[in-house]
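Remember, predicted model here, so these are calculated numbers, not experimental data.
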Amino acid sequence: MGKGKRSNKRSAKAGHCSSKSPSKTQTTAVSEQNHIIAMGETSAQQRYQRKGGSAKQANGSSMIGTAPTLEEKLIEKSERERLVVWRQPVTTLHYFVRECGILGREYMVKLWRYKKMVLLIAMIVGSYYAAYRTPGPHQPLLQSIAKKFWWCWWWLWLGILSSVGLGTGLHTFLLYLGPHIASVTLAAYSCNSVEFPSPPYPDDILCPEEEVLGKEMSILTIMSKVRLEAFMWGAGTALGELPPYFMARGARLSGYDPDDEEMAEFEELQRLKERPEDMSFLDRAKLSVEKLVERVGFFGILACASIPNPLFDLAGITCGHFLVPFWTFFGATLIGKAIIKMHIQKMFVIIAFNEALLARAVGLLALLPVVGPKLEQPFKTFLEKQRKKFHRKPGTGASGQDHANILAWVFEKLILLMIFYFVLSIVNSFAQSYHKRIHKRNRERKAAQD
């Protein structure tokens, strides 16, 4: 009897499946839909559910209960993408101001927690300022310290801006450090010396009054002249890599924030590991960076930081996700970016602006058809004016015709354009962060009411 019942059940089930068997197209569509839904659920949420999804937060609502559905995520993302200055200027600026106010209050609270340290720093700065304003024989020393401090701080800040992101990075090496090294290189070969009068160096470069003869300028001598600013810029880029690391580390320790889209790329890469056939070339490159950092550790981070690597943000996220110690990550990043990579970049710029090599490169421009001769003359004029500028006497201004040079004019406008776009990206990023904050607050209120 039992066997007969089981056979009847199997035959009935087989008949039901044969009468309603889906086609291959329907099966593919269902699998793709399940894949899309799975993408909406992060691996961190899956870990939370395995550990016990019934756990409650302090306000009595579950973590997953506040997570938006896939449809809500897509709607919110679409709204955020439209929240830019050139589409919704009033709303974007309003959200930007509100986000600045919230961040200001948060940082003030953090500073209040370390009020003793803040008070100590304020006393040191106040004492220095009082001594700086008091006449005496100590004035030259304090002025030299202040000048060196602001010089280092300027390049450190430019390095942070270059790598911190905020929607887009300001390429300060191309805009500031690279041209500075190029100017020092041109002046060194033209003056046959790096002992430029200070002042006006570093604000302006002049050849020393005593002409140096019989001495050949070397690459190492020029590298030593720009070592401090290059190191500070590299240290700034290392500091700018810390936000992705702390973001991923905080997400791993405290639980995944459903609204945190910065981790989406890393989470998607983890899912693609199970489907290597769907990986693009860029995905494989990202995965190779992750494997290198995860397996080799300190030396893997050092290798990634020592070369120009646009995927280094992923290395920081990987280190934070796998709880790599802070000093292991930051130490390797600092050595790689501020020492190894900066020496490579300095050498490249110095070699590229070698006087003989640069003259040969300008001469090759004439070989270009049609536009060659037209491009050669402006470059020759620019280089000749630079040489005259280095050899002018102290106290005399640069020739007024320098400002009329088309190359200088184009470069100046390019810098202004990139800075303007960088500021706009910051405004858009802050406004979108406030939009995300609003939706998260609304979901928490709704969950508390339920």
Side-chain angles (χ1 to χ4, degrees), residues 140-141 143-162 171-238 306 308 334-361 382-396 398 402 408 411 415:
L141 176 62
Q143 291 176 359
S144 176
I145 293 174
K147 184 177 180 180
K148 189 69 69 175
F149 172 80
W150 289 115
W151 178 248
C152 294
W153 172 254
W154 166 252
W155 291 110
L156 184 73
W157 175 244
L158 288 178
I160 294 173
L161 290 180
S162 184
H171 302 288
T172 52
F173 182 85
L174 297 177
L175 296 178
Y176 295 98
L177 184 59
H180 172 70
I181 297 175
S183 298
V184 172
T185 303
L186 291 174
Y189 282 111
S190 179
C191 306
N192 201 26
S193 173
V194 294
E195 301 299 327
F196 309 125
S198 178
Y201 183 83
D203 299 326
D204 195 8
I205 303 178
L206 296 177
C207 291
E209 295 183 2
E210 297 181 0
E211 188 175 355
V212 180
L213 299 175
K215 181 182 178 182
E216 186 177 354
M217 185 55 53
S218 66
I219 294 178
L220 293 179
T221 303
I222 303 175
M223 291 177 66
S224 64
K225 184 65 176 179
V226 295
R227 181 177 293 126
L228 177 62
E229 47 264 47
F231 175 83
M232 297 308 299
W233 186 88
T237 61
S306 300
L334 183 64
I335 295 173
K337 286 184 172 291
I339 299 178
I340 300 177
K341 191 176 81 168
M342 276 316 305
H343 276 80
I344 296 174
Q345 291 177 301
K346 281 192 299 183
M347 186 175 297
F348 175 80
V349 175
I350 293 171
I351 292 175
F353 283 86
N354 178 285
E355 191 174 29
L357 185 62
L358 194 60
R360 184 178 178 183
F382 174 76
L383 293 176
E384 185 61 30
K385 288 181 178 179
Q386 285 294 112
R387 293 190 188 97
K388 292 181 180 179
K389 180 181 176 182
F390 297 144
H391 287 279
R392 74 183 190 273
K393 294 182 179 180
T396 60
D402 288 350
F411 186 72
I415 291 178

Heavy-atom closest pair, residues [X] and [Y]:
X	Y	value
S306	G336	OG-CA, 3.5 Å
A235	A338	N-CB, 3.6 Å
H180	E229	NE2-OE2, 2.8 Å
T221	S218	OG1-OG, 2.7 Å

- Are the aromatic rings of W151 and W155 close, with centres under 6.0 Å apart? yes
- Message: Applying ring-ring contact (aromatic ring centres under 6.0 Å, His included) to Y176 and W233, what does each step give before you reach the verdict?
- Response: CA-CA 10 Å; Y176 295 98; W233 186 88; over 10 Å; no
- Task: Would you please test L177 and M342 for side chain to side chain contact (heavy atoms under 4.5 Å, CB included) and show each step?
- Result: CA-CA 11 Å; L177 184 59; M342 276 316 305; 3.5 Å; yes
- Is the shortest heavy-atom distance from the side chain of L228 to the side chain of K148 under 4.5 Å? yes
Return the [atom1] to [atom2] distance between [X] and [Y], rounded to the nearest 0.5 Å.
X	Y	atom1	atom2	value
S193	M217	OG	CE	5.5 Å
L158	T237	CG	OG1	11.5 Å
M347	I222	CE	CD1	11.0 Å
T172	L175	OG1	CG	7.0 Å
K225	I350	NZ	CD1	12.5 Å
I340	L334	CD1	CG	10.5 Å

Could you pull out every donor-acceptor pair under 3.5 Å between side chains of residues 181-188 and any protein atom, sequence neighbours left out?
| from | atom 1 | to | atom 2 | distance (Å) |
| --- | --- | --- | --- | --- |
| S183 | OG | P179 | O | 2.9 |
| T185 | OG1 | I181 | O | 2.7 |

- Verdict with reasoning, Y201 to E195, per side chain to side chain contact (heavy atoms under 4.5 Å, CB included): CA-CA 10 Å; Y201 183 83; E195 301 299 327; over 6 Å; no
